[in-house]
There are 2 protein chains.
Amino acid sequence: MNKIDIIIVDDHQLFSTALHSLIGKFEDFNVIKVLNDGAEVVDYFKNGNPVPEIILMDIQMPIMNGIEATIWLKKNQPKIKVLALSMECDEATILAMLRAGAKGYLLKDIHPMVLKHAIHELHNVGFYYTENVTNTLLKSHAEDLNTNTIVLKDRELEFLKLTCTEMTYKQIAEKMFLSPKTVENYREALFEKLEAKTRIGLVLYAIKNKIVIL
Amino acid sequence: MNKIDIIIVDDHQLFSTALHSLIGKFEDFNVIKVLNDGAEVVDYFKNGNPVPEIILMDIQMPIMNGIEATIWLKKNQPKIKVLALSMECDEATILAMLRAGAKGYLLKDIHPMVLKHAIHELHNVGFYYTENVTNTLLKSHAEDLNTNTIVLKDRELEFLKLTCTEMTYKQIAEKMFLSPKTVENYREALFEKLEAKTRIGLVLYAIKNKIVIL
DNA sequence: AATGCTTAGGGGATATTTCCCCTTTATTTT
DNA sequence: AAAATAAAGGGGAAATATCCCCTAAGCATT
């Protein structure tokens with residue numbers, strides 16, 4: 001039987017190391033890489049490295065957070081199944097992560113056997129939600145989880161993050177190595193996509209969907 | 001021995017009623033009023049009603065949330081000790097509530113005797129923090145909790161909330177029955193107080209400090 | 001009576017945001 | 001090969017936001 005290839009993404013070295021050795025003990029899993037930030041995920045795949053079946057993804061990470069990284073994966077590596085592994089149990093974060101495309105959501109303090117089971121379910125069935133998460137979904141009326149097919153492009157995401165800053169568009173343009181007029185186009189595109197009327201609307205969207213985390 | 005006067009503020013009728021009858025069983029407490037929203041708290045005291053020693057304050061409420069209400073109380077009824085009673089256990093909310101001036105923070109699923117004990121501690125010692133909250137405080141380096149003495153005035157708070165909206169200042173002025181120029185002054189005052197450079201800065205502050213809840 | 005604080009309002013200038021319409025070049029899809 | 005799409009850039013105008021400095025009435029403190 002083939003092993004399931006896994007990548008671990010977590011900025012907390014202690015945790016990712018522990019997880020690595022833990023998963024190593026399960027004979028049917030194979031950790032092919034440990035990455036420390038969402039940004040490293042993007043680099044990893046842009047460089048054409050081996051594609052895993054499953055990614056165990058932390059959420060809070062310094063450069064690119066797990067939600068952004070999952071959004072990127074949805075677009076660029078749609079076959080990979082992302083299992084969110086997080087400390088946060090609040091509804092907003094769970095919803096944001098699932099909207100981003102995660103196929104499962106576990107809290108970090110679960111029993112190892114639950115993790116093992118979750119990975120298998122993800123691999124065989126395609127998703128795995130704990131009771132906790134299911135409840136959250138039901139509570140939130142599961143509105144637009146699947147309806148909401150808003151997919152932001154890389155540069156749009158980058159722009160959106162900078163928009164949640166006290167930078168002017170001119171400054172954002174410099175930071176993105178673009179002309180102010182191009183940044184202007186990103187702004188207009190996002191106004192449409194996210195149904196915003198002003199820059200404030202973009203900021204609210206980004207925060208609600210945890211594209212920026214305060 | 002004198003009873004301790006208490007006001008309950010919670011929009012969830014079922015809960016506040018249950019709480020009322022529960023506290024009624026403790027002979028040393030006296031619930032003098034049950035209110036259903038932060039806004040009712042403000043009205044209550046503006047009308048010169050009896051002042052309690054302790055307020056049990058919910059956080060999520062439809063019109064004015066518990067954090068705003070506590071900020072208002074800090075300024076207008078500083079002797080009242082606010083005990084937050086909430087479902088949220090995330091760091092940001094706890095910190096925001098304590099910054100707002102709450103003297104204690106309990107989760108709603110605690111044992112009644114813990115609540116009783118907490119109220120007594122609040123009354124006698126002046127504060128009561130569960131281990132949970134203490135941990136959160138230590139983790140967050142307890143930076144500016146006491147240093148941060150930013151007190152927003154009523155109208156400033158009102159303005160700030162509207163600022164987190166896709167309304168222009170002109171529209172905000174209309175809604176507040178002020179001239180655009182006066183709103184302009186509020187903006188400038190808040191820029192200084194909150195160390196913001198742009199309107200985005202105000203929005204970020206309001207969200208971080210849970211003055212608006214997304 | 002004088003001082004200070006709060007609340008409300010204003011003038012005038014500059015920078016930024018927002019809107020609408022248009023071009024080019026490369027890549028992807030059909 | 002033709003058509004659609006993504007990514008980058010632009011002109012010009014109107015609406016908003018930001019800055020700095022100033023006035024006046026009301027109220028509380030000293």
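Just so it is clear: chains get the letters A, B, ... in the order the sequence lines come, proteins before strands, and each one is counted from 1. Remember, it's a predicted structure, so these values are computed and weren't measured experimentally.
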## Note on the structure
Those residues at least two apart in sequence (or on a different chain) that pass side chain to side chain contact (heavy atoms under 4.5 Å, CB included) with K161(A) are E68(A), I211(A), V212(A)
### Query
How about K210(B) and I67(B): do any of their side-chain heavy atoms sit closer than 4.5 Å?
yes
### Task
Under the side chain to side chain contact (heavy atoms under 4.5 Å, CB included) rule, collect the residues that match up with S179(B), sequence neighbours excluded.
K181(B), T182(B)
### Summary
Taken to the nearest whole Å, CZ/F191(A) to P/dT16(D) is 13 Å
### Task
Could you tell me the separation between the CG atom of L162(A) and the P atom of dT17(C), rounded to a whole number of Å?
13 Å
### Query
How many Å lie between CD on E158(A) and C1' on dA6(D), as a whole number?
16 Å
### Message
Within residues 170-181 of chain B, which residues have any heavy atom lying less than 4.0 Å from an atom of DNA chain C?
### Response
L178(B), S179(B), K181(B)
#### Entry: Residue-level proximity of residues 182-190 of chain A to DNA chain C when a heavy atom falls under 4.0 Å
E184(A), R187(A), E188(A)
### Summary
Per-helix bend value, the helix from dA1(C)-dT30(D) to dT30(C)-dA1(D), C1' rotation axes over five pairs per end, 10° rounding, shows 40°
### Message
Tell me the interatomic distance from E166(A), atom CD, to dT16(C), atom P, rounded to whole angstroms.
### Response
14 Å
### Query
Taking the nucleotide of DNA chain C with the closest heavy atom to each, which residue, M167(A) or K75(B), is nearer the 5' end?
K75(B)
### Message
Suppose we screen for side chain to side chain contact (heavy atoms under 4.5 Å, CB included). Which residues come up paired with K153(A), at least two apart in sequence or across chains?
### Response
K75(A), E156(A), K193(A)
### Task
Report, as a single string ordered 5' to 3', how protein heavy atoms within less than 4.0 Å touch nucleotides 23-30 of chain C: B base, S sugar-phosphate only, - not at all.
--------
### Message
So, using salt bridge (charged side-chain N to carboxylate O under 4.0 Å, His left out) as the criterion, who are the partners of R199(B) when residues are at least two apart?
### Response
none
### Task
May I ask you to decide if K197(A)'s main-chain N or O and E166(B)'s side chain share a donor-acceptor pair within less than 3.5 Å?
yes
#### Entry: Close side-chain approach of N209(B) and R99(B), heavy atoms under 4.5 Å
yes
### Query
Can you check the F159(A) CZ to dT17(C) P distance for me, whole Å?
9 Å
### Query
Starting at CZ of R199(B) and ending at C1' of dC19(D), how long is that distance when rounded to a whole Å?
17 Å
### Message
Using the side-chain hydrogen bond (donor to acceptor under 3.5 Å, both in side chains) criterion, which residues pair with D5(A)? Sequence neighbours excluded.
### Response
N30(A)
### Query
Does the side chain of I54(A) come within less than 4.5 Å of F29(A)'s, by heavy atoms?
no
### Message
Would you say that W72(B) contacts F45(B) through its side chain, given a criterion of any heavy-atom pair below 4.5 Å between the two side chains?
### Response
yes
### Task
Identify, with sequence neighbours excluded, every residue that meets salt bridge (charged side-chain N to carboxylate O under 4.0 Å, His left out) alongside E158(A).
R155(A)
### Summary
Applied to residues 44-61 of chain A, the salt bridge (charged side-chain N to carboxylate O under 4.0 Å, His left out) test, sequence neighbours excluded, yields D58(A)-K108(A)
### Task
Taking all non-hydrogen atoms of both residues into account, name the closest pair between Y44(B) and N49(B) and its distance.
O-ND2, 2.9 Å
#### Entry: Contacts of type side chain to side chain contact (heavy atoms under 4.5 Å, CB included), residue P62(B), not counting sequence neighbours
D11(B), D37(B)
### Task
Return no unless some side-chain N or O of Y169(A) is found under 4.0 Å from OP1 or OP2 of dA15(C).
no
### Message
Check the phosphate of dT18(C) against K197(A), side-chain N and O only, distance under 4.0 Å to OP1 or OP2. Yes or no?
### Response
no
### Task
Find the distance E192(A):CD to dT5(D):C1' and express it as a whole number of Å.
15 Å
